[in-house]
2 protein chains.
Amino acid sequence: MARTTSSAATRDRILVATTELFRRQGYSATSLSQIVEASSATTGSIYHFFPGGKDELTAEVLRVSGAGYGDLVESVVRSALDPAVGIGDAFAAAAALMQESDFIDPCPIGTIAREVASTNEPLRLVAAEVMNGWVRRLAAILTDANVSQGDAERLASLVVTTIEGGFVMARTLRDVAPFLTAGEVVQRLVADALGDS
Amino acid sequence: MARTTSSAATRDRILVATTELFRRQGYSATSLSQIVEASSATTGSIYHFFPGGKDELTAEVLRVSGAGYGDLVESVVRSALDPAVGIGDAFAAAAALMQESDFIDPCPIGTIAREVASTNEPLRLVAAEVMNGWVRRLAAILTDANVSQGDAERLASLVVTTIEGGFVMARTLRDVAPFLTAGEVVQRLVADALGDS
DNA sequence: GTTGCGCTAGAGTGATCGTTCTAGTCCTGG
DNA sequence: CCAGGACTAGAACGATCACTCTAGCGCAAC
């Protein structure tokens, strides 16, 4: 293997820059020339690492940043006293992140998913796999806390739905209040489910 | 005034076609040439009715379809026995609509809002006004049912957040279950608020 | 019946899109 | 020390982008 170190760094710069651009302006509005500029890479490098072009790069961005955001949420939730408090913490952390970043989208999956869901089936499937992964991981945390399988799945799905809806609202209104309100409600619902067990 | 009838019809065809295209593929991926073709209009007509070009047309689409979707939801909610049931009905109706349309976005505001929120302030403001309008209308229904002003605003905001998040999930997963689950939860929360009054 | 205007028609503008391609450079294994 | 592959560099391609512009159509007022 030749030059693995520097090549991996370039590939990484491309992914990071693309993720950042997607968070600000989504999939269609982001051009390869912007990615080239922001990542200090070249067109050749992009097509070397992602021979499938923009779509392959986008798929990888979805997978990597989806997993990363999942890790972040899971670690916040698991480090709390119980899952209900943890999920509340996750909402609060996301809200803080949004305000600090001047309401840049904390994660690009929802935006891109809605952009491509009806026009690009391979990318839709990647986005769906990412979201299903989030639901699965959250549901596992809840079943670990003795919530029944069915309740855990429904609650986990509700959490993801609420986070995504919260991103739309907060970003559009430039206000985290709706996001925090939704987080408090979800936290209470999870607490109720824990109490029933 | 000359030819008011036919001109209004053309303007309307442009708006309808653009709304439809935005629902499927969002703002950036929709080109004026697609709009020309889908509306059987010409470039000249588009710039005659919307001198500000794509952005002015987009703003009008957001306002018109936002108001239209608001009307639809309000009429469903108001025709139910009580607001809680009505909101549940609205979720069910939206879910049915989504399945019938092969998961085309029922309304383009959320997608476009997230696309442009960080890059096009005038359009972001239009989207924000539309969403605030929805919240206000829903809150008014709840205060009419003797929910306190504060609770009504918080619940209304939660309803909009949940609907938007539900659209993201349902469209991406091609499954209305998460949307319906979220709707049931929201309906129960509203019912609780009504019971407290 | 002609003037005026709302509206349509669509070719043309420069810019930029995603992608391809050829020429390199640089490191590494033998 | 050289052969070869990983990687970079960026010019060039046809297509398409939002938008402009000139020409002309068709109805209404007078």
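We name chains A, B, ... by the order of the sequence lines, and we start the count at 1 in each one. Computed from a predicted model, the values in this text were never measured in an experiment.
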Interatomic distance, [X] [atom1] vs [N] [atom2] [rounded to whole Å]:
X: Phe50(B); N: dC7(C); atom1: CZ; atom2: C1'; answer: 14 Å
X: Ile46(B); N: dC21(D); atom1: CD1; atom2: P; answer: 17 Å
X: Arg13(A); N: dC7(D); atom1: CZ; atom2: P; answer: 13 Å
X: His48(B); N: dT8(C); atom1: NE2; atom2: C1'; answer: 9 Å
X: Ile14(B); N: dT8(C); atom1: CD1; atom2: P; answer: 7 Å
X: Glu37(A); N: dC17(C); atom1: CD; atom2: P; answer: 11 Å
X: Gln25(A); N: dC17(C); atom1: CD; atom2: P; answer: 10 Å

Point to revise | Salt-bridge contact Arg78(B)-Asp144(B) (side-chain N to carboxylate O under 4.0 Å) | key: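 Yes, Arg78(B) and Asp144(B) are salt-bridged.
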Review point. Do Arg24(B) and Glu115(A) meet the salt-bridge criterion of a basic N to acidic O distance under 4.0 Å?
Key: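 No, Glu115(A) and Arg24(B) are not salt-bridged.
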Exercise for review: Return the set of residues passing salt bridge (charged side-chain N to carboxylate O under 4.0 Å, His left out) with Asp151(A) (not counting sequence neighbours), or none when no residue passes.
Suggested key: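 So Asp151(A) forms a salt bridge (charged side-chain N to carboxylate O under 4.0 Å, His left out) with Arg154(A).
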**Study point:** Thr42(A) side-chain proximity, nearest of dT8(C), dC7(D), dG10(D)
**Key:**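 Comparing dT8(C), dC7(D), dG10(D) against the side chain of Thr42(A), the answer is dG10(D).
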Exercise for review: With sequence neighbours excluded, tell me which residues meet side chain to side chain contact (heavy atoms under 4.5 Å, CB included) with Arg174(A).
Suggested key: Asp102(A), Phe103(A), Glu121(B), Arg124(B)
Practice item. Would you verify whether the NZ or CZ of Lys54(B) falls within 45 degrees of the ring axis of Tyr27(B) while also being under 6.0 Å from that six-membered ring's centre? Key: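 Yes, Lys54(B) lies over the aromatic ring of Tyr27(B).
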Exercise for review: Step through the shown structure and confirm whether more than 12 heavy atoms of other residues, nucleotides or ligands are within 6.0 Å of CD on Gln34(A).
Suggested key: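 Counting neighbours around CD of Gln34(A), more than 12 heavy atoms of other residues, nucleotides or ligands fall under 6.0 Å, so yes.
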Could you write out each protein N or O paired with an N or O of nucleotides 16-19 of chain D at a distance under 3.5 Å?
residue, atom, partner, partner atom, Å
dC17(D), OP1, Ser31(B), OG, 3.0
dC17(D), OP2, Ser33(B), OG, 2.9
dA18(D), OP1, Thr30(B), O, 3.2
dA18(D), OP1, Lys54(B), NZ, 3.2
dA18(D), OP2, Leu32(B), N, 2.8
dC19(D), OP2, Tyr47(B), OH, 3.0
dC19(D), OP2, Lys54(B), N, 2.9
dC19(D), O5', Tyr47(B), OH, 3.0

